[in-house]
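For reference, the structure is listed below as structure tokens.
These numbers come from a predicted model, not from an experiment. All values below come from the heavy atoms of this structure, side chains included, with hydrogens, waters and symmetry mates left out. Every number for a ligand or one of its atoms is a count from 1 in the order of the listing.
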Amino acid sequence: MHRISSEHEHKILNENSRIAEHLRAHFADHNILCLNIISAPGAGKTTLLERTLESLPPETRVAIITGDIQTDNDAVRLARYGFPVKHITTGGACHLEAPMIERALADWDLDDIDVLLIENVGNLVCPASYDLGEAAKIVVLSCAEGDDKPLKYPAIFFKAELLVLTKTDLLPYVCFDIEAAEQNAHRQRKGLEVVRVSALSREGIAPWLEWLGRKRDAVRPAAGAVA
Ligand SMILES: Nc1nc2c(ncn2[C@@H]2O[C@H](COP(=O)(O)OP(=O)(O)OP(=O)(O)O)[C@@H](O)[C@H]2O)c(=O)[nH]1
Ligand SMILES: [Mg+2]
């Protein structure tokens, strides 16, 4: 029984990888920076995106895809900023898959997009296994979750290019050693970049936007900075 289900899973992952590579090639053809944002539920992905979108000039060619098991709450929150937003309701799946992204993009003209931000379903485990064709994964960890999480959920910290430590305004009230959290993350991936952010005070938003701008410029050198 176990063997059949793992064979099935293997087949799904293979098909996912095939479509993800196809998406990656499309993004490269259109000079699109695609980022896959992953965290446990409630770590602050949508709030980080809200702070991001409110900081961008209206002419910025950014688009967002959000995934949730149920509700389009996040898409409603993000649509207020005037940039194109699509929502994927997975109806039970605990992660986004490449075919879902392919379908969501079907009626968007990729020539109109420079940066595609994907907010994955809140989950620190399964989304790490599903390539969406992104240039980089970003892992978001909030200071309310425990500084040992990079040790307990190593895969996403190993695969991510950036760790965003959110809710730093809560540090005086929670038992969270931020230096230990970073060290634990670096045990999974040496050189993992880190930004510390409070969406409440907006501290750390500027370095996050700088990181985003650098990434975007690497894909589209002539287009200027995002922020
Ligand atoms: N104090 C504080 N609260 C924050 C911060 N960022 C987010 N929150 C709060 O944390 C809660 C969850 O934030 P969301 O942005 O919805 O989290 P999420 O990761 O998008 O959640 P899911 O999409 O459900 O996985 C909300 O009540 C936010 O207001 C922060 O920097 N500081
Ligand atoms: Mg969200």
Side-chain angles (χ1 to χ4, degrees), residues 34-56 62-81 83-97 100-101 104 115-130 132 134 136-147 149-150 152-153 155-157 159-160 162-178 181-182 185 194-212 227:
C34 175
L35 298 169
N36 181 2
I37 304 170
I38 295 171
S39 82
K45 299 178 296 301
T46 309
T47 311
L48 179 69
L49 290 175
E50 289 179 303
R51 295 293 85 83
T52 306
L53 299 182
E54 75 183 14
S55 308
L56 297 178
V62 63
I64 302 99
I65 295 177
T66 65
D68 268 308
I69 292 174
Q70 286 296 339
T71 85
D72 63 354
N73 291 0
D74 288 358
V76 171
R77 282 167 65 185
L78 295 170
R80 293 184 193 130
Y81 298 88
F83 299 100
V85 179
K86 280 239 172 115
H87 190 75
I88 298 171
T89 305
T90 65
C94 56
H95 56 269
L96 291 175
E97 296 178 13
M100 299 174 185
I101 302 298
V115 180
L116 176 64
L117 301 170
I118 301 176
E119 178 184 340
N120 218 310
V121 177
N123 181 342
L124 215 42
V125 184
C126 313
S129 302
Y130 288 83
L132 303 180
E134 70 273 353
K137 290 179 173 60
I138 296 172
V139 60
V140 177
L141 175 68
S142 82
C143 294
E145 287 169 69
D147 47 46
K149 294 304 170 284
K152 298 177 80 174
Y153 305 94
I156 184 56
F157 292 88
K159 291 183 178 177
L162 177 73
L163 164 61
V164 182
L165 281 169
T166 54
K167 309 194 190 183
T168 53
D169 54 282
L170 295 181
L171 282 171
Y173 314 105
V174 292
C175 293
F176 186 91
D177 181 338
I178 197 160
E182 291 190 14
V194 183
V195 290
R196 300 175 179 188
V197 166
S198 165
L200 207 67
S201 71
R202 290 178 170 69
E203 216 177 321
I205 294 294
W208 149 247
L209 291 173
E210 277 161 26
W211 184 91
L212 192 56

Sub-4.0 Å heavy-atom approach of Thr166 to ligand 1: no
Any Glu50 heavy atom less than 4.0 Å to ligand 1: no
Close N or O approach (Ala43, ligand 1; < 3.5 Å): yes
Distance-only N or O hit between ligand 1 and Ala199, under 3.5 Å: yes
Separation between CD of Glu134 and CG of Asn120, rounded to the nearest 0.5 Å: 8.5 Å
Protein contact for atom 27 (O) of ligand 1 (heavy atom, distance under 4.0 Å): no
Residue and atom name of the nearest protein heavy atom (relative to atom 16 (O) of ligand 1), distance in Å to one decimal: Arg77 NH1, 2.9 Å
Salt bridge present between Arg202 and Glu54 (N-O < 4.0 angstrom): yes
Residue and atom name of the nearest protein heavy atom (relative to atom 1 (N) of ligand 1), distance in Å to one decimal: Asp169 OD2, 2.8 Å
Identity and distance of the protein heavy atom lying nearest atom 17 (O) of ligand 1: Gly44 N, 3.2 Å
Heavy atom of the protein closest to atom 3 (N) of ligand 1 (residue, atom name, distance): Lys167 CD, 4.0 Å
Electrostatic pair Glu182-Arg196, nearest N-O below 4.0 angstrom: yes
Location of contacts on Leu48 toward ligand 1, heavy atoms closer than 4.0 Å: neither
Heavy atom of the protein closest to atom 15 (O) of ligand 1 (residue, atom name, distance): Thr47 OG1, 2.5 Å
Sub-3.5 Å N/O-N/O distance, Gly42 and ligand 1: yes
Protein residue, atom and distance nearest to atom 18 (P) of ligand 1, heavy-atom basis: Lys45 N, 3.5 Å
